[in-house]
Engineer: 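This is the structure, below, for whatever I ask next.
So you know, we letter chains A, B, ... as the sequences are listed, proteins then strands, and number each from 1. Quick caveat: nothing in here was measured; it's all calculated off a predicted structure.
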Amino acid sequence: MEIAANTAPVITIGSAKEFADKEVTIRGWLYGKRSSGKIHFLLVRDGTGIIQAVVVKAEVTPEVFELSDKLTQESSIIVKGKLRLDGRAPGGVEMTVTDLQLVSLAQDYPIGRKEHGPDFLMNNRHLWLRSSRQHAIMKIRSTVIKSVRDFLDSNGFILIDAPILTPAACEGTTTLFETDYFGDKAYLTQSGQLYMEAAAMAFGRVYCFGPTFRAEKSKTRRHLTEFWMVEPEMAYCDLEENMAIQERFVAYIVRQVLEKNADELKILERDIELLLKVEPPFIRLSYDEAVDIIKKGGVEIEWGDDFGSPQETYLMEQFDKPVFVYNFPAAVKAFYMKRHPERPELAVCSDLLAPEGYGEIIGGGQRSDDLEYLLEQIEVHKLPKDAYEWYLDLRRYGSVPHGGFGLGIERTVAWICKLDHVRETIPFARMLTRIYP
RNA sequence: UCCGAGGUAGCUCAAUGGCAGAGCCACCGGCUGUUAACCGGUAGGUUAGAGGUUCGAAUCCUCUCCUCGGAGCCA
């Protein structure tokens, strides 16, 4: 590199304030440019932030000034200059350029600094990720994932990865992506839960974290065909304890984002008032109570129905913090759910609904620990018993009450960031009509 | 799969049966403090595709394709 680092240390823009009044080198890309004739204002980004670098004609060589005039958006550059604290600069610090080196001149950059439609931006997702709004979202996603791991790791959970290629449906309800497995059929996982039950019997408290695949033809702002889910599972655990862990878990995640990503929430113009209310205890409603509330609100529902979108939306409008709805009718839940001992028409389970219209972010509950009941359910649901023998073994060899839950990362991030679509919460979204880039 | 909205310049949009336009981007010129800078100029079009109605179609009709939103299903 022509600009020698030893004459001015290479720094990141994120740490620029610490180098006020010092000459430094910044390696990055041109985010934007303005000119006023004999002064050029270069907005330089390096992944850690954006800084304005000022090129004054009278203070640099003619070559440097001409080069700065010709720079195109997203050209990669190395700038050297003196940092100054300046109230006029958005980040509070600004650079007066002394030297400038072009690394690569960008061709016409497709993403301008004006409005674009979602289709265009998603087609250019690989470039869209460079924008500051997407940076904010990805940083928050990163915090959410770290918080998930930190919380579980420090609460006695062991990370046990579940397989992604699976021989059969976990739940038998949703559509799976099929793939060829040396002449046999295999499917991309739609949940690691059954494997986590095996792991919980081995380790007590476990979780898996990874991508999940659903081949459903859902076309809504809440659906992806590939999304990330964390699935904790706990041996010797009842629904009360399960929900208690969930609310501490979600509260911890939100608190971490509020602490670590204040700048990012500001970029997203997120009103944090409602996030500050995400502290235990959350609201707890039985399915019976929830149906009463929905009925009183004049929204159509019959006892026994699963919640559709209008029902869920109405229910959440009544509260400004997350809500557990527990003990749903067993008929609308998966075959492995434990039945309520006094009311066998109910499953011992819960969903956690996020406020502000974001809906279900967690689904969970007690798994049946009774061998006879599971054999019966496998028959009723017409599932291939052979494929579940290993799962049934868990009830043959030291069965215990156990439960767990699954939290969807993208829906959680969408809620915390208050985005109107989950497609912005994952770097490269896979959706019904999109697998590029 | 069903319901609704839409497809016009690279991007965001206007033109509703009568000359296809604007802003941004690009390019050229001007400007020593700009904040999505501003000012002047240049370039840019098979109006998604096919067919039809009409003197005349971006505009009306039919079909196809694509996108967006919603439903169902779910995290």
Engineer: Within the structure shown, what part of the strands sits under 4.0 Å from A:Phe120 by heavy-atom distance: base, sugar-phosphate, or nothing?
Structural biologist: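 A:Phe120: backbone/sugar contact only, no base atoms under 4.0 Å.
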
Engineer: Whole-Å distance between B:rC11 C1' and A:Leu121 CG?
Structural biologist: 10 Å

Engineer: May I ask you to say whether A:Arg367 pairs ionically with A:Glu233, meaning some side-chain N is under 4.0 Å from a carboxylate O?
Structural biologist: yes

Engineer: Does the pair A:Arg343/A:Glu345 count as a salt bridge with the N-to-O cut at 4.0 Å?
Structural biologist: yes

Engineer: Could you tell me how far B:rG6 sits from B:rU59 if I compare only their C1' atoms? Round to whole Å.
Structural biologist: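 Pairwise C1' distance, B:rU59 against B:rG6, rounds to 15 Å.
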
Engineer: Is a side-chain donor or acceptor of A:Ser75 paired with a backbone partner of A:Leu105 at a separation under 3.5 angstrom?
Structural biologist: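 No.
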
Engineer: Heavy atoms under 4.0 Å, any strand shown: does A:Glu94 hit a base, just sugar-phosphate, or nothing?
Structural biologist: base

Engineer: May I ask you to list the residues of residues 222-231 of chain A, by number, that have any heavy atom positioned under 4.0 Å from an atom of RNA chain B?
Structural biologist: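 By residue number: A:Arg222, A:His223, A:Leu224, A:Phe227, A:Met229.
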
Engineer: Looking at the base of B:rC74, is there any donor atom on it, or on the side chain of A:Ser218, that sits under 3.5 Å from an acceptor on the other one?
Structural biologist: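 Counting by modelled atom types and ignoring angles, no donor-acceptor contact under 3.5 Å is found here.
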
Engineer: Indicate yes or no: does A:Glu94 engage A:Arg84 in a salt bridge with an N to O separation below 4.0 Å.
Structural biologist: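 A salt bridge is present here (some side-chain N lies under 4.0 Å from a carboxylate O).
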
Engineer: Kindly say if A:His421 contacts the phosphate of B:rC68, meaning a side-chain N or O under 4.0 Å from OP1 or OP2.
Structural biologist: no

Engineer: Base, sugar-phosphate, or nothing: which does A:Lys57 touch, judged by heavy atoms less than 4.0 Å apart?
Structural biologist: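 The answer is nothing, as A:Lys57 stays clear of every strand by at least 4.0 Å.
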
Engineer: I want to confirm an ordering. Mapping A:Arg423 and A:Leu432 to their closest nucleotides on RNA chain B, which one lands closer to the 5' end?
Structural biologist: A:Leu432

Engineer: If you look only at pairs with a residue in residues 138-151 of chain A, which of them pass as a side chain to side chain donor-acceptor pair (under 3.5 Å), with sequence neighbours excluded?
Structural biologist: A:Arg141-A:Glu410, A:Thr143-A:Asn261, A:Lys146-A:Asp150, A:Arg149-A:Tyr207

Engineer: A:Tyr287 and ring-ring contact (aromatic ring centres under 6.0 Å, His included): which partner among A:Phe328, A:Phe324, A:Tyr326?
Structural biologist: A:Phe328

Engineer: Restricting to non-hydrogen atoms, name the atom on A:Pro329 and the atom on A:Gly304 that form the minimum distance, rounded to 0.1 Å.
Structural biologist: CG-CA, 3.8 Å

Engineer: With P as the reference atom in both, quote the distance from B:rA15 to B:rG51 in angstrom, rounded to an integer.
Structural biologist: 28 Å

Engineer: Say you pick atom C1' in B:rU8 and the same atom in B:rA22; how far apart are they, in whole Å?
Structural biologist: 13 Å

Engineer: With rounding to the closest Å, how many angstrom separate the C1' atoms on B:rU53 and B:rC61?
Structural biologist: 7 Å

Engineer: RNA chain B: A:His116 or A:Leu407, which has the more 5' nearest nucleotide?
Structural biologist: A:His116

Engineer: Are the charged groups of A:Glu360 and A:Arg411 less than 4.0 angstrom apart, N to O?
Structural biologist: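 Not counted as a salt bridge, because no side-chain N and carboxylate O are separated by less than 4.0 Å.
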
Engineer: Kindly write out the residues that satisfy side-chain contact (heavy atoms from CB on, under 4.5 Å) with A:Asp320, not counting sequence neighbours, or none if the list is empty.
Structural biologist: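 Result, side-chain contact (heavy atoms from CB on, under 4.5 Å) vs A:Asp320: A:Leu274, A:Lys277.
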
Engineer: Could you measure between the two P atoms, the one in B:rC65 and the one in B:rA75, and give it in whole Å?
Structural biologist: 32 Å

Engineer: Got a salt bridge between A:Lys57 and A:Glu66, using NZ or NE/NH1/NH2 to carboxylate O under 4.0 Å?
Structural biologist: no

Engineer: Show every side chain to side chain donor-acceptor pair (under 3.5 Å) that has at least one partner inside residues 418-434 of chain A, sequence neighbours left out.
Structural biologist: A:Asp119-A:Arg434, A:Asn123-A:Arg434, A:Gln134-A:Glu424, A:Glu356-A:Lys418

Engineer: Does A:Arg133 reach a base, just sugar-phosphate, or nothing at all? Heavy atoms under 4.0 Å.
Structural biologist: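 The answer is nothing, as A:Arg133 stays clear of every strand by at least 4.0 Å.
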
Engineer: Phosphate oxygens OP1/OP2 of B:rU32: is one of them under 4.0 Å from a side-chain N or O of A:Ser36?
Structural biologist: no

Engineer: Quick one: label A:Gly308 by what it contacts on the DNA or RNA (base, sugar-phosphate, nothing), any heavy atom closer than 4.0 Å.
Structural biologist: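 The answer is sugar-phosphate, as A:Gly308 gets under 4.0 Å only of primed atoms, P, OP1 or OP2.
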
Engineer: Does A:Gly359 reach a base, just sugar-phosphate, or nothing at all? Heavy atoms under 4.0 Å.
Structural biologist: nothing

Engineer: For A:Phe249 and A:Phe405: C-alpha separation, side-chain torsions, deciding distance, then whether ring pair (Phe, Tyr, Trp, His ring centres under 6.0 Å) applies.
Structural biologist: CA-CA 11 Å; A:Phe249 183 51; A:Phe405 61 95; 5.7 Å; yes

Engineer: How would you label the contact of A:Asp306 with the nucleic acid (heavy atoms, under 4.0 Å): base, sugar-phosphate, or nothing?
Structural biologist: sugar-phosphate

Engineer: For atom P, what is the distance between B:rU42 and B:rU67, given to the nearest Å?
Structural biologist: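 Taking atom P in both B:rU42 and B:rU67, they lie 38 Å apart.
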
Engineer: So, is A:Thr433 close to the B:rC68 phosphate, meaning a side-chain N or O under 4.0 Å from OP1 or OP2?
Structural biologist: yes

Engineer: Pick the C1' atom in B:rA5 and in B:rU34, then give their distance to the nearest Å.
Structural biologist: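 Going atom to atom, C1' in each nucleotide, I get 41 Å.
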
Engineer: Any protein N or O atoms within reach of nucleotides 25-30 of chain B? Criterion: under 3.5 Å, listing atom names and distances.
Structural biologist:
none

Engineer: If I pick the P atom on B:rC63 and the same atom on B:rC3, what distance separates them, to the nearest angstrom?
Structural biologist: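 Nearest-Å result for B:rC3 against B:rC63 at atom P: 13 Å.
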
Engineer: Give the dot-bracket string for RNA chain B, reading 5' to 3', where a pair is Watson-Crick or G-U wobble with both distances under 3.5 Å, ( ) marks pairs inside the strand, [ ] marks pairs crossing earlier ones, | marks a partner on another strand, and . marks unpaired.
Structural biologist: (((((((..((((....[..)))).(((((.......))))).....(((((..]....))))))))))))....

